[in-house]
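Any value given below was found using the heavy atoms of this structure, including those in side chains, with hydrogens, waters and symmetry copies removed.
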Amino acid sequence: MAESLLTDLYQITMANAYWKSGLAEREAVFHLYFRRNPFGGAFAIAAGLAAVVEFLQEFHFDEADVRYLAGLSGDDASPLLDRDFLVALREMRLGCDLDAVPEGTAVFAGEPLLRIRGPIVQCQLIETALLNAVNFQTLIATKAARVCLAAGADPVLEFGLRRAQGPNGGLSASRAAYLGGCAATSNVLAGRRFGIPVRGTHAHSWVMAFDSERQAFRAWAEAMPNNSVFLVDTYDTLAGVRLAVEAGHHLRDKGYDLSGVRLDSGDLAELSIAARELLDASGFADAKIVASNDLDEYAIAELKRRGAPIGIWGVGTRLATAHDDPALGGVYKLAALRNADGGWSYPAKRSADPDKSTLPGIHQTRRFLARGAFERDLIFDEELGLDPTDEAHEDLLVPVLKSGSAVYEIPPLDTSRARTLEQLARLPAGVKRLVHPDPYPVEIEPRLAARRQA
C-alpha cells in the first residue's frame with residue numbers, strides 16, 4: 001500500500017471539499033507542536049524528521065490508490081469523492097515548504113517542531129503521517145534521554161523489540177532510542193537499517209537446554225568466547241555468578257576474558273553488590289554487571305541511590321512503549337491563510353481550555369544563550385521579525401524542503417545522537433531533573449501574543 005494513504009479519511013474528505021470550494025490552492029501555514037512536555041518532565045527531544053522527509057519526497061497517489069478511493073461510498077451509497085478530484089489527486093505533486101527543528105534538538109511545549117507552508121489541500125493531506133512520525137519518535141527519544149540521564153556515564157542498551165507496538169513501532173523505537181542517547185539496541189534489523197550498534201548474548205532458554213548451569217556456561221564460553229556475558233539468574237543468582245567466574249577462568253585459558261554477568265530478577269541492588277564482590281575477589285574487576293528487568297529512569301536512579309555497582313543497563317518495555325506516557329499529544333494546526341487579495345489572515349481556534357487555543361501567525365523559535373547554555377526561548381512571528389540584538393541566539397526552525405524539493409540533508413543518525421547529548425549538556429540542571437523539574441522559560445513575543453486575543 002502506498003504510504004500516501006497513511007492518513008485519516010477526513011483528510012481526504014476535507015481535501016475533496018477544498019477542491020470543490022475553490023480553496024485547494026490557497027496558500028496556508030500549519031505548525032506541528034505538542035501541548036505538554038511528556039513524562040512529567042520539562043523538555044523533549046525532537047525526532048522523526050528523517051521519516052517525515054522520506055514520506056514527503058515520495059508523496060503521491062498512484063493508480064491503485066485512486067481506484068481504492070473511487071470505491072469509497074457516502075451515506076447514500078453513491079461515490080464519496082468527486083471523480084475530477086480523484087484525477088487531480090493522481091496528478092498532484094507536493095509543492096510545500098517545510099521548515100523543521102533538526103533531530104536531537106531540545107524542545108518545549110508550544111514550540112513548532114515543523115512548519116508547513118503550501119497549498120492548503122496538500123498541507124491537509126500530509127497531516128496525519130507527519131504527526132505519526134514526529135509524535136512517536138519524539139516521545140521515545142525523550143524517554144531515552146531521561147533514562148540515559150539517570151544512568152549517567154553508564155551505557156544504556158535498548159531491548160524493547162519483543163514488547164514494542166508491532167514491527168514498525170519496534171524499528172521506530174530503536175531508532176529514536178539511539179537518537180535519544182542509548183548506546184546500542186538488540187534489534188538486528190534496526191542495526192542494519194540505521195547503523196545502530198547491536199548487542200545481545202543469551203537467554204534463560206540457553207541455560208535450561210543443558211543438564212546444568214555449569215555445562216551451559218562452559219558451552220557458551222566455547223561457542224561464543226568473544227561475547228561472554230552470562231545470564232546468571234536462571235536458578236540461584238549468586239551461584240550463577242560463581243559458575244560464570246569458573247567459565248571466566250576457562251576463557252582466560254583460551255586467551256579471552258569474562259565480559260560480564262547479567263542480572264534479570266530479584267533485588268538488583270543487593271545482588272549486584274554481592275556479584276561485584278565475587279567478581280573482584282576472583283580477579284575479574286573489569287567484568288561488567290549488566291542489569292535488566294522492567295527498568296526505567298526512576299528504577300535506575302533508585303538503584304544508583306542504593307549504591308548498585310551496575311555498569312550497563314538493559315531497558316526494554318518501559319522505553320520502547322513509553323510505558324508511563326504512551327502518547328506525546330502533538331497537534332497540527334492552521335495558523336495563517338493567504339487571502340484572495342494576497343494578504344494574510346490569521347485564523348485561531350478559541351477554547352475555554354487555554355491549551356487548546358491556537359496561536360495565529362507564521363512562527364519561528366529563537367533560543368537565547370548565556371555562556372553557551374540555554375537561557376530562554378522566544379516564539380515570534382517570522383513575518384513581523386524581531387529587533388536586532390547583541391544577545392547570543394539561534395533560530396530553531398531550518399529550511400528542509402522548498403516547493404517539495406530538499407534543501408537540507410538529514411544528518412547521519414550518529415550525528416543526531418551527538419546533537420542530543422550536546423543539547424542535554426546545555427540545558428540547566430534543574431530542567432533535567434526527573435521529579436519536579438524547573439520549567440524552562442518559553443515566551444511569546446508580545447505582538448504575536450496579542451493576535452491570540454484579537
Quiz item: Does R192 CZ have over 12 foreign heavy atoms under 6.0 Å away?
Solution: no
Practice problem: Give the intermediate values and the outcome of salt bridge (charged side-chain N to carboxylate O under 4.0 Å, His left out) for residues R115 and E382. | Solution: CA-CA 11 Å; R115 186 180 72 205; E382 202 163 67; 2.9 Å; yes
Quiz item: Is the CZ atom of R426 crowded by more than 12 outside heavy atoms at less than 6.0 Å?
Solution: yes
Exercise. Using the six-membered ring wherever Trp is involved, compare the ring planes of H393 and F368 and label them parallel, tilted or perpendicular (cut-offs 30° and 60°).
Key: tilted
Exercise. Return yes when atom NZ of K20 has more than 12 non-hydrogen atoms of other residues, nucleotides or ligands closer than 6.0 Å, and no otherwise.
Key: no
Quiz item: When you look at V134 and L49, which way does the side-chain contact (heavy atoms from CB on, under 4.5 Å) test go after all the steps?
Solution: CA-CA 7 Å; V134 172; L49 180 58; over 6 Å; no
Practice problem: May I ask you to check if R451 and Y346 form a cation-pi contact, with NZ or CZ under 6.0 angstrom from the six-membered ring centre and within 45° of the axis? | Solution: yes
Self-check item: Shortest non-hydrogen contact from I45 toward T142
Solution: N-OG1, 2.9 Å
Exercise. Using the six-membered ring of F30, assess whether NZ or CZ of R117 lies under 6.0 Å from its centre and within 45 degrees of the ring axis.
Key: no
Quiz item: Do the non-hydrogen side-chain atoms of E25 and V121 ever get within less than 4.5 Å of each other?
Solution: yes
Quiz item: Side chains of R199 and S186: donor-acceptor distance under 3.5 Å anywhere?
Solution: no
Quiz item: Under 4.5 Å between any side-chain heavy atoms of R93 and F59, yes or no?
Solution: no
Quiz item: Between Q11 and T128, does any side-chain donor sit less than 3.5 Å from a side-chain acceptor?
Solution: yes
Quiz item: D82 and N16: side-chain donor and acceptor closer than 3.5 Å?
Solution: yes
Quiz item: Do other residues, nucleotides or ligands put more than 12 heavy atoms under 6.0 Å from the CZ atom of R163?
Solution: no
Quiz item: When you check the side-chain N and O atoms of T185 and N187, is any donor under 3.5 Å from an acceptor?
Solution: no
Quiz item: Does atom CG of D341 have more than 12 heavy-atom neighbours, drawn from other residues, nucleotides or ligands, at distances under 6.0 Å?
Solution: yes
Practice problem: Please determine if R175 and E103 form a salt bridge, counting it only when a charged side-chain N lies under 4.0 Å from a carboxylate O. | Solution: yes
Quiz item: Mind checking whether R433 and D438 have side chains closer than 4.5 Å, heavy atoms only?
Solution: yes
Quiz item: Heavy-atom distance under 4.5 Å between the side chains of L434 and Y298, does that happen here?
Solution: yes
Self-check item: Donor on one side chain, acceptor on other, S265 and D233, under 3.5 Å
Solution: yes
Quiz item: Is a salt bridge present between R67 and D65, judged by a nitrogen-to-oxygen distance below 4.0 Å?
Solution: no
Quiz item: Do D324 and R146 meet the salt-bridge criterion of a basic N to acidic O distance under 4.0 Å?
Solution: no
Quiz item: Any side-chain heavy-atom pair from F380 and L384 closer than 4.5 angstrom?
Solution: no
Quiz item: Do we get K143 above F39's six-membered ring, with its NZ or CZ under 6.0 Å from the centre and within 45° of the axis?
Solution: yes
Exercise. For R26 and Y18, indicate whether the former's side chain and the latter's backbone hold a donor-acceptor pair under 3.5 Å.
Key: no
Practice problem: Indicate yes or no: at least one non-hydrogen side-chain atom of Q122 is less than 4.5 angstrom from one of P119. | Solution: yes
Self-check item: Test item: side-chain donor near acceptor, T201 and N227, under 3.5 Å
Solution: no
Practice problem: Taking the side chain as every heavy atom from C-beta outward, state whether L98 and L114 have any pair of such atoms under 4.5 Å apart. | Solution: yes
Practice problem: Answer yes or no: is there an ion pair linking E391 with R376, defined by an N-O contact shorter than 4.0 Å? | Solution: yes
Practice problem: Provide the closest heavy-atom pair for A183 versus Y178 in the form atom of the first, atom of the second, distance. | Solution: O-CE1, 3.7 Å
Quiz item: Can you list the steps and then say if I116 with I126 is a side-chain contact (heavy atoms from CB on, under 4.5 Å)?
Solution: CA-CA 10 Å; I116 300 89; I126 62 179; 3.9 Å; yes
Quiz prompt | Note, C123 side chain near C96 side chain (heavy atom, < 4.5 Å) | solution = yes
Quiz item: Taking atom types as modelled and ignoring hydrogens, do the side chains of E158 and S174 form a donor-acceptor contact shorter than 3.5 angstrom?
Solution: yes
Practice problem: Determine, for R366 against D377, whether the closest basic-nitrogen to carboxylate-oxygen distance falls under 4.0 angstrom. | Solution: no
Quiz item: F61 ring centre to R90 NZ or CZ under 6.0 Å, with the angle to the axis within 45°?
Solution: no
Quiz item: Would the number of heavy atoms belonging to other residues, nucleotides or ligands and lying under 6.0 Å from NZ of K432 be above 12?
Solution: yes
Exercise. List the steps and the verdict of side-chain contact (heavy atoms from CB on, under 4.5 Å) for V407 and V400.
Key: CA-CA 5 Å; V407 295; V400 176; 5.6 Å; no
Exercise. For K402, look at atom NZ and say whether over 12 heavy atoms of other residues, nucleotides or ligands are found less than 6.0 Å away.
Key: no
